[in-house]
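This one's a predicted model, so the numbers in the text were calculated from it and none came from an experiment.
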Amino acid sequence: MPILYYNHVTILKVAATMFITWFHFKSFIPTPIDKLFIGGMLGNSLFFYCSGYLSSIKTEQYKGEWLINKWSRIMPSVWIGTILLLLVKDIKIYNFIYPTSFWFINALLIFYIIFYIFKKIISKRKILCVNFILVIHTFYYYFFVDHTQIVMDGGGLKIWFYCFLFFLYGFYTKNKNIKGSNNKYSLVKSLITIVVFYLYKELANIYSPLIFWQFIIQPLILFVFIHFSIESAHYIASIKISNKLKHVLSIISNLTLDIYVIQITIINLIEQINIKWPYKIGISIILILIGAYWCNKISNLAGNIIKKN
């Protein structure tokens, strides 16, 4: 059995998929158990990092080839996901081009465009780019975002700025060694960071000044989480496992995008079935994996046709 692409990025993408899917299960989990279904933004932050890490532009045969390759990989999956979403809600026709129904993918497509257009500045002026984004992030939060409740871990433009920083962090650290000296403790550090992330949200309900400073506190906690997750992923990737398990993890890693677009429809449909929530989770996982597999197959076929034309 051939081994697919397997390293620490594979582990990070699998973790991102698990966090995002686990969070979406929350829609049919009764209280107070639903408080255990956390991690959507944790998963998103990891995947933005991975997207930046994998965003190296090599010599192109023609101008814009890199963008077209990215677009032809993402958009067919978006089209399939959008068609399936019609089963559970009304969808505006522009979502087939500009997928606002999937804010995570919507942001990623914009990030790729910005990265491609400004790749020379981004590569050579790292500090300038980071400071510029931080200024815009602060300005936008101060004038356009609600300061009375925690909102910096939801979707929408308000978090795009620091998400793009996570994207750049992946790009900037591609050739850097962030394995760390205490990898065997990195998993514990990651878990502690997760606890801190949600503890902050609880404390913010008690101490209101923490709400205002969320535009700094939450991105900072997520950044630390990404860093420790990278160390954890290096450690896990160094552990000897069977080739079959590597193959399975590689497949899940490659299906991350498809799992994301498929699960929203499936979870909405399963939510309407009158069965106990543990069964809903099991059924959802099976259907999501099957749906994502075929979505990926069809998407790759469509993408190859687009590239040939």
**Student:** What's the shortest heavy-atom distance between K26 and D34, and which atoms?
**Tutor:**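 Closest pair (atom of K26, atom of D34, distance): CE-O, 3.6 Å.
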
**Student:** Kindly give the heavy-atom pair with the smallest separation between V78 and F102, and that separation in Å.
**Tutor:**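 So the minimum-distance heavy-atom pair works out to O-CE1, 4.1 Å.
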
**Student:** Quick check: does any side chain N or O of H137 sit under 3.5 Å from a backbone N or O of F215, one acting as donor and the other as acceptor?
**Tutor:**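 Side chain of H137 to backbone of F215, a donor-acceptor pair under 3.5 Å: yes, one is there.
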
**Student:** Is there a continuous path of hydrophobic side-chain contacts, each under 4.5 Å between heavy atoms, that joins I110 to W71?
**Tutor:**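 Yes; W71 is reachable from I110 via cluster members.
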
**Student:** Just by distance, do the side chain of Y140 and the backbone of F161 share a donor-acceptor pair under 3.5 Å?
**Tutor:**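 Here the side-chain-to-backbone pair does not exist.
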
**Student:** Search all heavy atoms of S45 against all heavy atoms of I226 and return the closest pair with its distance.
**Tutor:**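 So the minimum-distance heavy-atom pair works out to O-CD1, 3.7 Å.
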
**Student:** Check the angle between the aromatic planes of W277 and F37 and answer parallel, tilted or perpendicular using the 30° and 60° thresholds.
**Tutor:**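 Ring orientation, 0 to 90° scale: perpendicular.
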
**Student:** Just to verify, what does F197 make a ring pair (Phe, Tyr, Trp, His ring centres under 6.0 Å) with, not counting sequence neighbours?
**Tutor:**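 With sequence neighbours excluded, F197 shows a ring pair (Phe, Tyr, Trp, His ring centres under 6.0 Å) to no residue whatsoever.
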
**Student:** Would you compute the distance between atom CD of Q263 and atom CG of N268 and round it to the nearest 0.5 angstrom?
**Tutor:**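 Spacing of CD (Q263) from CG (N268) equals 10.5 Å.
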
**Student:** Side chains of L109 and P99: closer than 4.5 Å at any heavy-atom pair?
**Tutor:**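 L109 vs P99: side chains touch.
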
**Student:** Distance-only, no hydrogens or angles: does the T193 side chain make a donor-acceptor pair with backbone N or O of F225 under 3.5 Å?
**Tutor:**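 Side chain of T193 to backbone of F225: no pair is present.
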
**Student:** Between F167 and Y49, does the ring centre distance come in under 6.0 Å?
**Tutor:**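 No.
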
**Student:** Can you find a heavy atom in the side chain of Y200 that is under 4.5 Å from one in the side chain of Q214?
**Tutor:**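 Y200 vs Q214: side chains touch.
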
**Student:** Looking at F166, Y53, F104, which hits ring-ring contact (aromatic ring centres under 6.0 Å, His included) with F48?
**Tutor:**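 Exactly one candidate clears the test, F104.
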
**Student:** Are F223 and Y169 close enough that their ring centres sit under 6.0 Å apart?
**Tutor:**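 Yes.
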
**Student:** Please report the interatomic distance CD1(I264) to CG(L269), rounded to the nearest 0.5 Å.
**Tutor:**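 With rounding to 0.5 Å, CD1 (I264) is 12.0 Å from CG (L269).
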
**Student:** Membership question, hydrophobic clusters at under 4.5 Å side-chain separation (ILVMFWY): are I127 and I114 in the same one?
**Tutor:**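 Each belongs to a different hydrophobic cluster.
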
**Student:** Quick check with a 6.0 Å cut-off and a 45 degree axis cone: is K119 positioned over the face of Y116's six-membered ring?
**Tutor:**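 Checked: cation-pi criterion met.
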
**Student:** Are the side chains of W103 and I159 in touch, meaning some heavy atoms are under 4.5 Å apart?
**Tutor:**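 With C-beta onward as the side chain, the pair touches.
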
**Student:** How far apart are the C-alpha atoms of T256 and V14, what are their side-chain angles, what is the distance that settles it, and do they pass the side-chain contact (heavy atoms from CB on, under 4.5 Å) test?
**Tutor:** CA-CA 7 Å; T256 300; V14 171; over 6 Å; no

**Student:** Could you tell me whether K158 and D153 have a side-chain N and a carboxylate O separated by less than 4.0 Å?
**Tutor:**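 Salt bridge: no.
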
**Student:** What closest approach, in Å, do A292 and L255 show between heavy atoms, and which atom pair accounts for it?
**Tutor:**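 Heavy-atom minimum between the residues: O-CD2, 3.6 Å.
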
**Student:** As an exercise, state the distance from CD1 of I216 to OG1 of T138, rounded to the nearest 0.5 Å.
**Tutor:**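 Rounded to the nearest 0.5 Å, the CD1-OG1 separation comes out at 6.0 Å.
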
**Student:** My understanding is that only residues two or more places apart in sequence, or in another chain, count here; which of them pass salt bridge (charged side-chain N to carboxylate O under 4.0 Å, His left out) with K280?
**Tutor:**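 For K280, no residue satisfies salt bridge (charged side-chain N to carboxylate O under 4.0 Å, His left out) once neighbours in sequence are set aside.
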
**Student:** Would a 4.5 Å heavy-atom cut-off, applied to side chains only, mark Y172 and I122 as touching?
**Tutor:**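 A side-chain contact exists here, since the closest heavy-atom pair is under 4.5 Å.
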
**Student:** When you look at S27 and I267, which way does the side-chain contact (heavy atoms from CB on, under 4.5 Å) test go after all the steps?
**Tutor:** CA-CA 8 Å; S27 63; I267 290 175; 3.3 Å; yes

**Student:** Should Y260 and F96 be regarded as members of a common hydrophobic cluster, given that ILVMFWY residues are connected when their side-chain heavy atoms come within less than 4.5 Å of each other, either directly or indirectly?
**Tutor:**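 Yes.
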
**Student:** Scan N106, T82, T100 and name whichever one has a side-chain hydrogen bond (donor to acceptor under 3.5 Å, both in side chains) with N95.
**Tutor:**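 For N95, the side-chain hydrogen bond (donor to acceptor under 3.5 Å, both in side chains) test succeeds with only one of N106, T82, T100, which is T100.
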
**Student:** Heavy atoms only: give me the nearest T265-G81 pair and the separation to one decimal.
**Tutor:**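 Shortest heavy-atom contact: OG1-O, 4.1 Å.
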
**Student:** Could you check whether atom NZ of K174 has more than 12 heavy atoms from other residues, nucleotides or ligands sitting under 6.0 Å from it?
**Tutor:**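 Yes, because the 6.0 Å sphere around NZ of K174 holds more than 12 heavy atoms from other groups.
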
**Student:** Decide yes or no for K120 and R125: does some side-chain heavy atom of the first lie under 4.5 Å from some side-chain heavy atom of the second?
**Tutor:**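 No. Closest side-chain heavy atoms not under 4.5 Å.
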
**Student:** Measure from the side-chain N and O atoms of S190 to the backbone N and O of S186, and report whether any donor-acceptor pair falls under 3.5 Å.
**Tutor:**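 Yes, S190 side chain to S186 backbone: donor-acceptor pair under 3.5 Å.
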
**Student:** Enter the distance from L257:CG to I262:CD1 here, rounded to the nearest 0.5 Å.
**Tutor:**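 One finds 10.0 Å between CG of L257 and CD1 of I262.
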
**Student:** Might you confirm whether atom CZ of F212 has over 12 heavy atoms from other residues, nucleotides or ligands at distances under 6.0 Å?
**Tutor:**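 Yes, CZ of F212 has more than 12 neighbouring heavy atoms, counting only those of other groups under 6.0 Å.
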
**Student:** Answer with yes or no whether the hydrophobic clustering places W213 together with M152; edges join I, L, V, M, F, W, Y residues whose side-chain heavy atoms lie under 4.5 Å apart.
**Tutor:**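 Yes, W213 and M152 fall within the same hydrophobic cluster.
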
**Student:** For the aromatic rings, using the six-membered ring if either is Trp, is the centroid distance between W66 and Y112 under 6.0 Å?
**Tutor:**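 Centroid separation for W66 and Y112: below 6.0 Å.
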
**Student:** Is the Y142 ring parallel, tilted or perpendicular to the H147 ring (thresholds 30°, 60°)?
**Tutor:**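 Correct class here is tilted.
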
**Student:** To the nearest 0.5 Å, what is the distance between CD1 (I68) and CE (M75)?
**Tutor:**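 Reported to 0.5 Å precision, the distance equals 13.5 Å.
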
**Student:** After noting the C-alpha distance and the side-chain angles of S284 and F25, does the key distance pass the side-chain contact (heavy atoms from CB on, under 4.5 Å) rule?
**Tutor:** CA-CA 9 Å; S284 295; F25 285 154; 3.6 Å; yes

**Student:** Taking C-beta and beyond as the side chain, do C129 and I121 meet within less than 4.5 Å on heavy atoms?
**Tutor:**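 The answer is yes, as the side chains (C-beta and beyond) meet within the 4.5 Å cut-off.
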
**Student:** Any heavy-atom pair between the side chains of L108 and F47 that's under 4.5 Å?
**Tutor:**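 Yes. Closest side-chain heavy atoms under 4.5 Å.
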
**Student:** To the nearest 0.5 angstrom, please state how far the OG1 atom of T21 sits from the CG atom of L289.
**Tutor:**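 Answer for the OG1-CG pair, T21 versus L289, is 8.5 Å.
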
**Student:** Over all heavy atoms of both residues, which pair between L85 and S101 is shortest? Give the atoms and the distance, please.
**Tutor:**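 Scanning both residues completely, I find the closest heavy atoms to be CD1-CB, 3.7 Å.
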
**Student:** Suppose we call two aromatic rings close when their centres sit under 6.0 Å apart. Are F164 and F111 close by that rule?
**Tutor:**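 Between F111 and F164, which both carry aromatic rings, the centre distance is below 6.0 Å.
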
**Student:** Taking the side chain as everything from C-beta on, heavy atoms only, tell me whether S77 gets closer than 4.5 Å to N296.
**Tutor:**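 The answer is no; the side chains never approach within 4.5 Å.
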
**Student:** Please lay out, stage by stage, how I38 and F19 fare under the test side-chain contact (heavy atoms from CB on, under 4.5 Å).
**Tutor:** CA-CA 7 Å; I38 59 179; F19 274 119; over 6 Å; no

**Student:** Counting N and O atoms only, with roles assigned by atom type, does the side chain of T10 sit under 3.5 Å from a partner on the main chain of N7, one being a donor and the other an acceptor?
**Tutor:**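 Between the backbone of N7 and the side chain of T10 there is a qualifying donor-acceptor contact (under 3.5 Å).
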
**Student:** Do I80 and Y94 share a hydrophobic cluster (ILVMFWY, side-chain heavy atoms under 4.5 Å, transitive)?
**Tutor:**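 Unlinked, I80 and Y94 end up in two clusters.
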
**Student:** Is the backbone N or O of T17 less than 3.5 Å from a side-chain atom of W22, with the two atoms forming a donor-acceptor pair by type?
**Tutor:**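 No, W22 side chain to T17 backbone: no donor-acceptor pair under 3.5 Å.
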
